[in-house]
Amino acid sequence: MKKSILSLAAAAAISGAFTIPVQAEDVNVKDGDTLWGISQTYKVSIEDIKDWNHLSSDTIYSGETLHISQEKHYKVKSGDTLWEIAGKYHVSVNDLKSWNGLNSDTIHPKQELVIKPATYKDEAASVKPEQPSAPTKQAQPAVPAEQAKPSAPTKQVQPAVPAEQTKPAAPAEQAKPAAPAEKAEKEKTVSNSESTNQSGIEKEITVRATAYTADCQGCSGTTATGIDLKANPDAKVISVDPSVIPLGSKVYVEGYGYATAADTGSAIKGNKVDIFIPNEQDAINWGVKNVKLQILN
């Protein structure tokens with residue numbers, strides 16, 4: 001699709017699908033916390049956190065309290081599918097159908113779907129540093145040799161001991177964190193390791209991201225895969241180099257959210273992407289950013 005790339009070095013928050021928070025939780029910001037890490041823990045977007053807390057930038061401070069909404073009502077838009085909505089909120093299609101009493105995969109524009117908060121809490125429990133139960137469950141060698149093999153991720157943070165560790169020792173002694181330094185290291189890496197593995201992420205790369213619209217002069221408004229962006233202004237689409245990110249891939253772009261790799265461009269080569277933003281001024285405000293991009297399974 002022919003389009004123009006709009007670049008200015010100014011950051012702006014780009015709104016996602018319309019949702020109405022029903023339940024919420026207050027999170028106290030600690031040293032080392034980032035909006036990216038908190039968004040991964042609670043399975044929400046950075047833009048939502050900024051919108052709920054009236055933040056104009058990605059900067060947060062230790063001691064600050066952030067308001068995190070959980071249970072949501074999602075308003076269906078034209079072109080939405082249960083599969084895409086399930087991927088956005090990291091739940092299953094069967095869960096969506098069960099929560100909303102659906103007998104088929106058919107949904108309609110303006111229909112409201114309930115997204116239950118319990119799913120977020122279950123998945124987030126294993127990556128929140130405040131939860132002491134997460135390391136004890138995975139680190140406890142309750143039976144001999146078979147569970148002592150280095151299969152669980154938490155084996156890397158246990159204190160190194162001789163072969164006696166393979167015997168059914170006292171659970172309380174095996175489950176304690178090794179030392180403050182190891183606990184701190186675990187808190188830094190848990191969001192990027194355990195959360196990534198549970199989220200079904202195939203690959204994570206850093207890309208240079210610009211933005212484009214469908215209404216520029218000479219633009220057709222139709223992507224390389226046939227999506228009419230003028231008819232579907234709320235579509236979450238990025239333009240990619242297919243040799244790096246295959247067309248049709250589902251991705252998560254830092255600062256933009258879940259999207260589909262559905263377009264190409266002559267200037268998009270290598271680790272470069274171009275995100276679709278329907279409003280021209282918002283696209284200009286996006287500018288040029290180096291962001292993390294996750295290719296989902």
Side-chain angles (χ1 to χ4, degrees), residues 1-19 29 33-40 44-61 64 66 88 192 201 203-225 227 229-230 232-245 247 249-296:
M1 167 183 152
K2 181 180 178 184
K3 55 186 178 297
S4 60
I5 300 176
L6 308 171
S7 354
L8 283 178
I14 309 302
S15 298
F18 176 72
T19 58
V29 177
D33 280 351
T34 63
L35 284 184
W36 171 257
I38 294 172
S39 72
Q40 292 299 289
V44 297
S45 71
I46 292 174
E47 291 75 25
D48 282 343
I49 296 176
K50 292 170 69 175
D51 183 55
W52 297 330
N53 294 277
H54 308 292
L55 300 178
S56 59
S57 72
D58 292 350
T59 303
I60 55 178
Y61 302 94
E64 184 177 3
L66 296 180
K88 175 179 177 63
N192 291 331
I201 296 171
K203 185 179 180 182
E204 180 174 293
I205 59 176
T206 298
V207 298
R208 188 172 179 83
T210 53
Y212 72 97
T213 71
D215 295 321
C216 58
Q217 185 175 2
C219 294
S220 67
T222 302
T223 70
T225 57
I227 298 175
L229 297 178
K230 292 183 179 180
N232 298 278
D234 292 328
K236 301 286 277 189
V237 168
I238 66 171
S239 179
V240 300
D241 181 345
S243 68
V244 177
I245 304 172
L247 283 174
S249 297
K250 299 298 179 181
V251 300
Y252 183 86
V253 182
E254 179 183 6
Y256 182 62
Y258 289 92
T260 302
D263 207 355
T264 59
S266 59
I268 307 305
K269 302 297 181 184
N271 283 25
K272 293 183 179 180
V273 300
D274 208 11
I275 67 169
F276 169 68
I277 299 176
N279 181 274
E280 182 176 356
Q281 187 58 52
D282 287 343
I284 293 173
N285 290 341
W286 173 273
V288 180
K289 300 181 182 180
N290 290 323
V291 298
K292 292 179 182 178
L293 182 147
Q294 296 173 340
I295 303 174
L296 307 179

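No experiment lies behind these values; they were computed from the predicted model shown. Hydrogens, waters and symmetry mates are skipped; everything else that's a heavy atom, side chains included, is used.
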Are [X] and [Y] packed together at the side-chain level, in the sense that at least one heavy-atom pair is separated by less than 4.5 angstrom?
{"X": "Leu55", "Y": "Glu64", "result": "yes"}
{"X": "Val207", "Y": "Val291", "result": "yes"}
{"X": "Arg208", "Y": "Val288", "result": "yes"}
{"X": "Leu247", "Y": "Val240", "result": "yes"}

| request: List the steps, then state whether side chain to side chain contact (heavy atoms under 4.5 Å, CB included) holds for Ile38 with Ile60. | output: CA-CA 11 Å; Ile38 294 172; Ile60 55 178; 4.1 Å; yes

Between [atom1] on residue [X] and [atom2] on residue [Y], distance to nearest 0.5 Å:
{"X": "Ile238", "Y": "Thr264", "atom1": "CD1", "atom2": "OG1", "answer": "12.0 Å"}
{"X": "Ile295", "Y": "Lys250", "atom1": "CD1", "atom2": "NZ", "answer": "13.5 Å"}
{"X": "Asp274", "Y": "Trp286", "atom1": "CG", "atom2": "CH2", "answer": "10.5 Å"}
{"X": "Leu229", "Y": "Asp263", "atom1": "CG", "atom2": "CG", "answer": "7.0 Å"}
{"X": "Thr34", "Y": "Gln40", "atom1": "OG1", "atom2": "CD", "answer": "9.0 Å"}
{"X": "Glu204", "Y": "Leu296", "atom1": "CD", "atom2": "CG", "answer": "10.5 Å"}

If you compare all heavy atoms of [X] against all heavy atoms of [Y], which two are closest, and at what distance to 0.1 Å?
{"X": "Glu254", "Y": "Ile46", "answer": "CG-CD1, 4.0 Å"}
{"X": "Val251", "Y": "Ile245", "answer": "CG1-CG2, 4.2 Å"}
{"X": "Ala211", "Y": "Ala283", "answer": "CB-O, 3.6 Å"}
{"X": "Pro233", "Y": "Pro278", "answer": "O-CG, 3.3 Å"}
{"X": "Gly270", "Y": "Val244", "answer": "O-CG2, 3.6 Å"}
{"X": "Ser45", "Y": "Ser39", "answer": "C-CB, 4.1 Å"}

| said: Test side chain to side chain contact (heavy atoms under 4.5 Å, CB included) on Tyr212 and Val237; report intermediate values, then the result. | reply: CA-CA 10 Å; Tyr212 72 97; Val237 168; 4.0 Å; yes

| request: For the residue pair Trp36 and Tyr252, categorise the inter-ring angle as parallel (less than 30°), tilted (30 to 60°) or perpendicular (more than 60°). | output: tilted

| Atom NZ of Lys230: over 12 foreign heavy atoms under 6.0 Å |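 Correct, the count exceeds 12.
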
Could you tell me whether a side-chain N or O of [X] sits under 3.5 Å from a main-chain N or O of [Y], the two making a donor and an acceptor?
{"X": "Thr223", "Y": "Thr225", "value": "yes"}
{"X": "Asn232", "Y": "Ala235", "value": "no"}
{"X": "Asn53", "Y": "Ile49", "value": "yes"}

| task | Dump the intermediate steps for side chain to side chain contact (heavy atoms under 4.5 Å, CB included) on Lys272 and Thr210, then the final yes or no. | result | CA-CA 8 Å; Lys272 293 183 179 180; Thr210 53; over 6 Å; no

| query | Honestly, is Lys236 close enough over Tyr256, meaning NZ or CZ under 6.0 Å from the six-membered ring centre and within 45° of the axis? | reply | yes

